[in-house]
Q: 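Before I ask anything, here is the structure I am working with.
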Protein chains: 2
Amino acid sequence: MAIDRPSASAGNPAPARPLRRDAQRNREALLTAARSCFAEQGMEAPLEQVAKRAGVAIGTLYRHFPTRLDLVQATFAKKLALWREAAEKAVTMDDAWAGLCHFLETMCELQSQDRGFNDLASMRLPESACLAGAQTRIRELGVHIVARAQEQGSLRPDLTPEDLAFVIWSHSRVTEATHAIAPDAWRRHLYLLLDGFRTDRAHPLPAPPLTEEQLYRAMTSLGGNGACGA
Amino acid sequence: MAIDRPSASAGNPAPARPLRRDAQRNREALLTAARSCFAEQGMEAPLEQVAKRAGVAIGTLYRHFPTRLDLVQATFAKKLALWREAAEKAVTMDDAWAGLCHFLETMCELQSQDRGFNDLASMRLPESACLAGAQTRIRELGVHIVARAQEQGSLRPDLTPEDLAFVIWSHSRVTEATHAIAPDAWRRHLYLLLDGFRTDRAHPLPAPPLTEEQLYRAMTSLGGNGACGA
DNA sequence: AGAGAATATGAGGCACCCCTCCGGTTGATA
DNA sequence: TATCAACCGGAGGGGTGCCTCATATTCTCT
């Protein structure tokens with residue numbers, strides 16, 4: 001499993017002299033290529049294809065990113081930050097329901113534009129990953145987003161923060177199926193689901209919410225074989 | 001692409017003399033093995049593993065099922081029939097909303113028990129497939145199920161039969177993520193979504209429904225590389 | 001029991017992807 | 001411009017899975 005090999009993200013106090021110019025160029029070409037490969041094919045896109053698209057040999061890719069996880073993290077740092085910003089903003093919005101919608105809609109939009117981000121959102125990175133902190137922060141914010149909307153009475157009280165994972169997962173396949181055919185169809189699905197979240201429509205639910213521990217394990221189990229799941 | 005090879009499901013007036021006893025035995029062992037492999041790993045489970053689990057050489061598998069699609073169809077005929085029966089029953093139930101729930105709940109249950117069925121439900125088999133007829137029939141019934149519930153006023157009027165695909169797709173990943181950790185969690189997700197389907201105080205949806213053609217293409221596009229999608 | 005058709009076997013060719021390693025190349029520095 | 005560490009290329013070994021085909025086996029029928 002990739003995770004056991006030396007990884008650029010491991011404890012690395014790196015005095016980090018600046019990269020040589022060719023190395024810098026290659027690194028950026030690799031990131032650009034990775035962005036497009038991952039966006040099209042998900043986080044398990046063949047690395048050889050990333051290298052080819054970057055116009056670089058496979059060995060070069062491995063020199064820069066010893067682990068698939070390293071490449072994934074470098075590739076998605078910005079998009080993860082966007083997601084996190086949406087969450088930070090959501091908790092500051094006066095209308096908590098609008099905040100919830102903003103949070104989920106931004107997330108779904110990011111997912112729908114990028115199959116790799118779709119994968120990333122659906123699963124949990126290993127503890128060691130430097131992006132794991134952002135994921136954790138987003139979950140914390142999710143707790144507040146849910147709580148505020150419930151205090152204001154707009155979100156059904158029997159919903160837990162863990163239920164937000166349902167949005168990620170369910171949206172994940174919907175957008176995968178429709179994005180090439182009807183790129184906006186996912187909004188319809190999201191709003192149907194959101195209508196089910198409203199207080200005034202709530203009917204008793206037939207199963208208890210996931211516990212935090214269960215959610216953790218569920219996200220870890222996804223993408224178990226090929227990619228970055230621990 | 002597998003579909004171009006000679007397939008047992010093609011126009012086959014087959015006088016079909018009965019199988020030799022060993023052949024019969026192997027065929028059944030293969031189907032049993034396929035059921036468990038597909039249930040665990042989805043429709044793209046390695047055929048070599050199916051053969052091994054059946055205690056049979058890979059060549060034997062190909063003799064019985066020249067195409068992956070042939071094996072898939074033989075494996076899932078019964079479960080598809082169960083799904084179809086649920087649909088047939090749903091349209092006869094007095095309470096159309098209960099019928100809708102029965103239909104969707106049965107479908108989701110089948111999906112949650114079997115990753116292969118999960119795949120099968122999410123995508124469209126090629127025209128040539130002998131199970132394609134059942135899929136078509138189920139869609140027809142879906143139209144009636146939706147119409148009846150709308151006539152009775154329980155289902156929101158802006159919902160179309162194509163929207164039922166959202167249930168399949170969204171459930172698909174939810175159950176994939178949770179089935180090993182909380183095997184009943186999918187019911188919670190389904191009921192949240194169903195609450196969004198109810199008539200009372202439905203909110204406007206931000207995107208038009210899929211057309212029939214779009215739905216067809218979306219289901220065809222899923223699982224595009226490895227398996228049975230045309 | 002013997003013959004012949006039906007069936008089973010599994011090695012092997014192909015394609016894909018992973019990752020490593022070392023000889024050749026290039027950019028920074030003096 | 002000479003030096004050398006840093007960097008790059010890409011062949012190649014390992015693994016998996018697909019599917020075919022020549023050969024060996026087994027059933028069935030007389």
Q: Under a 4.0 Å heavy-atom cut-off, which of residues 46-61 of chain B touch DNA chain C?
A: B/V56, B/A57, B/I58, B/G59, B/T60
Q: Can you tell me the distance, in whole Å, between the CG atom of B/N26 and the C1' atom of D/dT26?
A: 11 Å
Q: For B/T136, check side-chain hydrogen bond (donor to acceptor under 3.5 Å, both in side chains) against everything at least two apart and list the hits.
A: B/R124
Q: Please identify each residue that fulfils ring pair (Phe, Tyr, Trp, His ring centres under 6.0 Å) with A/F166, with sequence neighbours left out.
A: B/H189
Q: Expressed as a whole number of angstroms, how long is the span from B/F65:CZ to C/dA8:C1'?
A: 15 Å
Q: Which residues pass the side-chain hydrogen bond (donor to acceptor under 3.5 Å, both in side chains) test with B/E212, sequence neighbours left out?
A: none
Q: Write down the distance between OH (A/Y62) and P (D/dA11), rounded to a whole number of angstrom.
A: 16 Å
Q: If the threshold is 4.0 Å, N to carboxylate O, is there a salt bridge linking A/R217 and A/E213?
A: yes
Q: Whole Å only: how far is the CD atom of B/E44 from the P atom of D/dC19?
A: 12 Å
Q: For A/R173 and B/S122, does a side-chain donor sit closer than 3.5 Å to a side-chain acceptor?
A: yes
Q: B/P208: which residues meet the side-chain contact (heavy atoms from CB on, under 4.5 Å) condition with it, sequence neighbours left out?
A: none
Q: Need to verify one output field. Residue with the more 5' nearest nucleotide on DNA chain D, B/R25 or B/A45?
A: B/A45
Q: Mind checking salt bridge (charged side-chain N to carboxylate O under 4.0 Å, His left out) for B/R84 and listing every partner two or more places apart, or none if nothing turns up?
A: B/E88
Q: What's the CZ-P distance between B/R21 and C/dA8, to the nearest Å?
A: 14 Å
Q: Give me, pair by pair, the N or O atoms of the protein and of nucleotides 1-6 of chain C that are less than 3.5 Å apart, along with how far apart they are.
A:
from, atom 1, to, atom 2, distance (Å)
C/dA6, N3, B/R20, NH1, 2.4

Q: Any side-chain N or O of A/H64 under 4.0 Å from OP1/OP2 of D/dC7?
A: no
Q: Under the side-chain hydrogen bond (donor to acceptor under 3.5 Å, both in side chains) rule, collect the residues that match up with A/R27, sequence neighbours excluded.
A: none
Q: B/W186: which residues meet the ring pair (Phe, Tyr, Trp, His ring centres under 6.0 Å) condition with it, sequence neighbours left out?
A: B/H171
Q: List in chain and number order the residues that pass side-chain contact (heavy atoms from CB on, under 4.5 Å) with A/T106, two or more places apart in sequence or in another chain; answer none if no residue qualifies.
A: A/A86, A/H102, A/L110
Q: Can you name the residues that form a ring pair (Phe, Tyr, Trp, His ring centres under 6.0 Å) with B/F117, not counting sequence neighbours?
A: B/W83
Q: Rounding to an integer number of Å, can you tell me how far A/D22 CG sits from C/dG27 C1'?
A: 6 Å
Q: Quantified as the angle between the terminal helix axes (five pairs each), what is the overall bend of the helix from C/dA1-D/dT30 to C/dA30-D/dT1 to 10 degrees?
A: 0°
